[in-house]
Amino acid sequence: MSGRHTRHDLERTADDDALRDLEKMWHDSPERDLRWHPGLDVHDLDCNSTPGYDGNKGDGEALVAAHAAELDDLQERLFAEGRSGGSRSVLLVLQGLDTAGKGGIVRHVVGLVDPQGVAHRAFGVPTEKEAAKGYLWRIRNALPTPGMIGVFDRSHYEQVLVVRVDELEPEETWRAHYDEINEFEAEVAASGTTIIKVALMVSRDEQKKRLTQRLERPDKYWKYNPADLKARRQFGAYLDAYQELLERTSTDVAPWHVVPADKKWFSRLAVSELLLAALRSLDLGWPPADFDVEEQKRLLAES
Ligand code: ATP
């Protein structure tokens with residue numbers, strides 16, 4: 001049999017070649033291509049662009065599908081590690097203006113892995129109790145436990161976004177949050193959590209299209225919130241807030257990735273690749289058996 005390929009081997013080789021071709025459409029790597037860096041100004045960002053990526057919609061969707069099995073496998077390894085005394089976890093922080101597509105990312109990207117291993121949490125206006133405890137209290141309580149992938153749909157960053165734009169706190173108070181957040185995230189990372197931060201950037205025009213669609217389709221009314229129009233009028237102020245947030249809180253242990261979000265297929269591709277890269281970087285194995293496998297086989301056979 002040596003030197004001969006089975007049909008299955010040949011198919012796998014063809015699949016591997018196709019996968020490599022799809023992967024090569026990234027110039028470098030999604031983590032590096034999308035990472036915020038000094039000089040990147042969100043005011044000038046083309047939200048319809050696909051930075052670092054040469055493929056089209058079909059290629060992007062094919063790559064997400066081709067990587068789905070690996071994503072699922074790595075998530076299961078992480079989960080198994082957590083069940084076996086490991087301390088590591090992953091936290092995906094999703095921020096974006098209304099209609100930027102956070103929900104779609106959760107459904108189409110996070111939905112690729114076993115929901116048992118995902119701790120999803122959306123952060124709305126804090127309750128009275130939450131507000132009294134300080135803005136990081138509810139965040140700390142929602143951090144992923146070992147083995148889990150935590151997903152924050154909005155996060156502590158609202159404290160330097162809506163709080164800043166709507167003047168809910170005096171400037172000196174919200175300004176102090178940048179350093180507090182950096183310290184907090186350094187602590188979270190040191191405890192074994194890999195943090196992936198994604199700013200989904202939708203353009204004003206695309207946002208209008210998506211809001212219009214919500215008003216034209218009865219199956220989308222539930223997504224429409226008249227208050228979104230207020231945030232739309234504040235679009236420029238939000239961009240200023242995003243720019244400063246990126247400048248002040250993109251750190252080595254918790255860097256920001258800026259993802260243009262006018263093309264939904266691209267933002268989904270980007271986030272699935274960032275999640276995959278984070279899981280790959282953990283070099284996850286399978287926990288060894290903490291029992292005598294041969295003995296258990298024998299006992300099972302005898303049972
Ligand atoms: P989304 O647009 O994310 O789907 P939504 O419109 O369904 O959300 P909710 O989930 O009820 O609305 O709440 C989100 C709102 O809560 C946003 O307007 C956000 O700015 C606000 N919010 C979140 N965190 C805070 C905070 N720390 N302080 C004040 N407002 C906050």
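Whatever order the structure lists them in is the order used to number ligands and atoms, beginning at 1.
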Y135: partners by ring pair (Phe, Tyr, Trp, His ring centres under 6.0 Å), with sequence neighbours left out: H177

Just to verify, what does H108 make a ring pair (Phe, Tyr, Trp, His ring centres under 6.0 Å) with, not counting sequence neighbours? none

Strictly distance-based, threshold 3.5 Å: is any side-chain N or O of D33 a donor or acceptor partner for the main-chain N or O of D28?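 Pair found, side chain donor or acceptor close to backbone of D28.
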
Who passes side chain to side chain donor-acceptor pair (under 3.5 Å) against W26, sequence neighbours left out?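 W26 satisfies side chain to side chain donor-acceptor pair (under 3.5 Å) with E273 only.
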
Which pairs of N or O atoms, one from ligand 1 and one from the protein, are separated by less than 3.5 Å, and what is the distance for each pair?
residue	atom	partner	partner atom	Å
ligand 1	2 (O)	D98	OD1	3.2
ligand 1	2 (O)	R154	NH2	3.0
ligand 1	3 (O)	K102	NZ	3.1
ligand 1	3 (O)	R154	NE	2.9
ligand 1	3 (O)	R154	NH2	3.1
ligand 1	16 (O)	V125	N	3.1
ligand 1	20 (O)	E158	OE1	3.0
ligand 1	24 (N)	G124	O	3.3
ligand 1	24 (N)	R138	NH2	3.3
ligand 1	27 (N)	Q159	OE1	3.0

Test log, rule side-chain contact (heavy atoms from CB on, under 4.5 Å), inputs R164 and D240: CA-CA 10 Å; R164 166 185 175 150; D240 296 346; 4.1 Å; yes

For K209 and E206, run salt bridge (Lys or Arg N to Asp or Glu O under 4.0 Å): C-alpha distance rounded to whole Å, both residues' side-chain angles, the deciding distance at 0.1 Å, then the answer. CA-CA 5 Å; K209 266 193 225 157; E206 180 64 23; 3.6 Å; yes

